[in-house]
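Let me begin by presenting the structure, written as structure tokens, before commenting on it.
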2 protein chains.
Amino acid sequence: MPVIFPQSPAYISGSMADKTKTTIHDIAKKLNVTASTVSRALHNNPRISEETKKAVLKAAKQLNYQPNQIAAALRHGKSHIIGVIVPTADRSFFASVVRGIEEIANKINYKVIICQSYDSYEKEVQTVEALVSAGVDGILASIGKNTTAFDHFKQAQAKGVPVLLFDRTTDELDVSQVMIDDHLGAYKIVEHLIQQGCRRIAHFTNPRKISIYKERLRGYQDALRDHDIPFEESLVVESNLQLEDGRNSMKKLLKLKKRPDAIFSASDYGAMGAMQVLKEQKIKIPQEIALAGFSNEPFTSFTDPPLTTVDQLSITMGNFTAELFFEQLQSDKKPIRQKTILTPEIIIRASSLRKENN
Amino acid sequence: MPVIFPQSPAYISGSMADKTKTTIHDIAKKLNVTASTVSRALHNNPRISEETKKAVLKAAKQLNYQPNQIAAALRHGKSHIIGVIVPTADRSFFASVVRGIEEIANKINYKVIICQSYDSYEKEVQTVEALVSAGVDGILASIGKNTTAFDHFKQAQAKGVPVLLFDRTTDELDVSQVMIDDHLGAYKIVEHLIQQGCRRIAHFTNPRKISIYKERLRGYQDALRDHDIPFEESLVVESNLQLEDGRNSMKKLLKLKKRPDAIFSASDYGAMGAMQVLKEQKIKIPQEIALAGFSNEPFTSFTDPPLTTVDQLSITMGNFTAELFFEQLQSDKKPIRQKTILTPEIIIRASSLRKENN
DNA sequence: GGTTAATATGTAATCGTTTGCGCAAAATAA
DNA sequence: TTATTTTGCGCAAACGATTACATATTAACC
């Protein structure tokens, strides 16, 4: 229910300035010089006398001058804006990556345009085109789940807009990539479970052909193998890894003749679903069944027991991605295509901690 | 540890296009017309023959033309970009609001620049200036905690950049505002606690002069009064409302001669801290002490018991803010300053549910 | 004093699109 | 047929900042 305010006098009377941004021409006129002199003065060009510079700076302040970046951008082809594409900005992980990118960008006076692809291929294509149109100086993207063709990124590159991928990447593009080592994260956490005495470790995974889930599965398998634990097909449950899926998967596993003594879910939500079922059935966590998830979602520290998980270094990833990008942007050499793989950290919490001191 | 890739041949050889965006002049040249004709054709101007239009569209597609929005923006003073300023983009609430804004903006082909003030006044000022410089068509902002002067926003308005505030707003500016009714949210949730049989309801609040906490406190007091429950100063605990603060506040309350039988925390984190302490001390939730928070942070549905809280309609707020903004932008009339107050929803969960059917 | 160099500023083109104005040619009206 | 309108397009000036090139003034040097 909107409340309509009475218009304030100031708003009506036009006592506010005349809605005209001042330009270098205004400053020039005031000082009886030309716009080029003003421009040079503002850029501290050595060919301008100190006297004039001071006068220009003073006038600029007086007139409350702010440069029109659009004009500047048009003139020299640099907008000082970078585009970031994420599947969705309100997932904690991506929100943090974006924050990490922004931190770096802001330091050197770059602005960030955030776009969401909603995992739609069409939207992703449009977004890339729009960003190119908007004249961004580069695109940092995490590709959508349904993207299998990459021409839109190639087009951007062809038009001189550098592209860099993070988290969800592909080798089909000639771009630098920043991601985390999903295999290692999974390996480490499964190893941890083994160290806690677990021997029948189940795994919740996703059937999609997305590399992250395949990597986590591989990490799980490799850790088992390296510790001489046989891999059992029946202990791997495929699903969408959401809360409900986790519940269903857990129920399914509880029906096995030989129950697992630990669950490693490739997502925290899946692990959370499992936790709910276990608690409902009064199965002790971690004594009877230990639990571990993946992603370090914010909620994992608030569950009871708190959930062991893998932190994906989201902020770091953002920082790193941005730093890499700006490095490549500044060096006028052809960017060196490189793949940076960050090492994830396992966060051990009570849901997997059977021994007191470990 | 970066992995350096071998450069792919394509990347070196320059087999990719020549990094030159095609312009309307390129199209014009190809068709032996002028750029103005091309421009008009692309804009479906009735003065251009169908024949020419078709030819232009075809050539545009062939040459992979994408308009340079920077040039267009310079020409007609509209960038089709809006700036959004939030204290921090990785807090669930703001991330969702931003998403809500983006949803609407995208529909009409607007891009969103996201900026974070980190609750720093200086950063906020800089950000506003930068956005004006960047030529945004408007600024949607949630003001920082430390902002008490608003000249930077006035300056933006003076330069013709409309401003609209959401969530954290102020009446000191001549702008439309979108927020939620904190008073009502608090009132409703306290009323709910009363209906559950609670009579000694404590409140965690924040001493800052931020209106949201004052409003929640008022809502709490009004609900008590309307149900003939005396207000007790000793049941109101001030803190920063973070997890630790909640723990401390709870411990403090447990030392009272007469313990409270419910806690309404102005933040979910505070409530979570209380929950931890109660569980440590084996105090039953909600039977002995019921709990309610505020904000509907994502973790609240995963606690044990799940936490009763107030949802702030973040996405809706974003949608609404953006819609309001674009309405005002489109109507060439002077924007009508209006205050929109959304009604929050209380989310009742087990932490406060004493009676089975309610 | 005349040539050269250094200094400080102006001129004008440019970035790519948009758009008011104008001008033919074609179409219609008288 | 002539007058008038309509149609289709070109011309050129914006938008605001930047910058290569030119110019004017002063200083410096032999």
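A, B, ... follow the sequence lines: proteins, then strands. Residue 1 opens every chain. Note that the coordinates shown come from a computational prediction; the quantities given were computed from them, not determined experimentally.
Rounded to whole Å, the distance from CG on A:N45 to P on D:dA17 is 16 Å. With rounding to whole Å, B:K21 atom NZ is found 14 Å from C:dT17 atom C1'. If you take NZ of B:K78 and P of D:dC15, they are 16 Å apart, rounded to a whole angstrom. Per the geometry, CG belonging to A:L42 stands 14 Å off P belonging to C:dT9, to the nearest Å. In this structure, the CD atom of A:E50 is 13 Å from the P atom of C:dT7, given to the nearest Å. One atom, NE2 of B:H80, and another, P of D:dC15, lie 20 Å apart when rounded to the nearest Å. Atom NE2 in B:H43 sits roughly 10 Å away from atom P in C:dT17 (whole-Å rounding). Whole-Å rounding puts the A:K53 NZ to C:dT9 C1' distance at 13 Å.
For the pair B:P162 and B:L329, the minimum side-chain heavy-atom distance is below 4.5 Å. Within the 4.5 Å cutoff, no side-chain heavy atoms of A:S176 are placed close to those of A:V178. The shortest side-chain heavy-atom distance between B:I82 and B:I113 does not fall under the 4.5 Å cut-off. Looking only at side-chain heavy atoms (C-beta outward), A:T148 and A:Y121 stay at 4.5 Å or farther from each other.
Between A:Y110 and A:H80, the ring planes are parallel. Angles under 30° get that label, and only those over 60° would be called perpendicular.
Between A:D174 and A:K154 there is no salt bridge, since no side-chain N of the basic residue sits under 4.0 Å from a carboxylate O of the acidic one. Using a 4.0 Å cut-off between charged nitrogen and carboxylate oxygen, B:D119 and B:R168 count as a salt-bridge pair.
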Ring pair (Phe, Tyr, Trp, His ring centres under 6.0 Å) assessment of B:F320 paired with B:F166
CA-CA 10 Å; B:F320 202 97; B:F166 61 88; over 10 Å; no
Throw together a table of side-chain donor-acceptor distances under 3.5 angstrom for residues 54-66 of chain B, partners on residues two or more places apart or in other chains.
| residue | atom | partner | partner atom | Å |
| --- | --- | --- | --- | --- |
| B:Q62 | OE1 | B:K30 | NZ | 2.6 |
| B:N64 | ND2 | A:Q155 | OE1 | 2.2 |
| B:Q66 | NE2 | A:E129 | O | 3.2 |

Check: residues 97-104 of chain B side-chain donor-acceptor pairs under 3.5 Å, at least two apart:
| residue | atom | partner | partner atom | Å |
| --- | --- | --- | --- | --- |
| B:R99 | NE | B:E103 | OE2 | 3.4 |
| B:R99 | NH1 | A:T88 | OG1 | 3.2 |
| B:R99 | NH1 | A:D90 | OD1 | 3.1 |

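Counting any heavy atom pair closer than 4.0 Å across all strands shown, B:H25 reaches a base atom.
Distance from the side chain of B:T37 is smallest for D:dG10 among the nucleotides C:dT9, D:dG10, D:dG8.
When the ring pair (Phe, Tyr, Trp, His ring centres under 6.0 Å) test is applied to B:Y118, no partner is found at least two apart in sequence or on another chain.
OP1 and OP2 of D:dT19 both lie 4.0 Å or more from every side-chain N or O belonging to A:S39. Phosphate contact (OP1/OP2 of C:dA8, side-chain N/O of A:T52, threshold under 4.0 Å): absent.
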Please write out the pairs of protein N or O atoms and N or O atoms of nucleotides 20-28 of chain D separated by less than 3.5 Å, giving the distance to one decimal.
| residue | atom | partner | partner atom | Å |
| --- | --- | --- | --- | --- |
| D:dA20 | N6 | A:R40 | NH1 | 3.4 |

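Within residues 26-35 of chain B, the residues having any heavy atom under 4.0 Å from DNA chain D are, by residue number, B:N32, B:V33, B:T34. If you check residues 65-72 of chain B against DNA chain C, the residues with a heavy atom closer than 4.0 Å are B:Y65, B:P67, B:N68, B:A71, B:A72, listed by number.
If you find the closest nucleotide of DNA chain D to B:I48 and to B:H76, the one lying nearer the 5' end belongs to B:I48.
The two residues A:V175 and A:Q157 have their closest heavy-atom pair at CG1-NE2, 3.1 Å.
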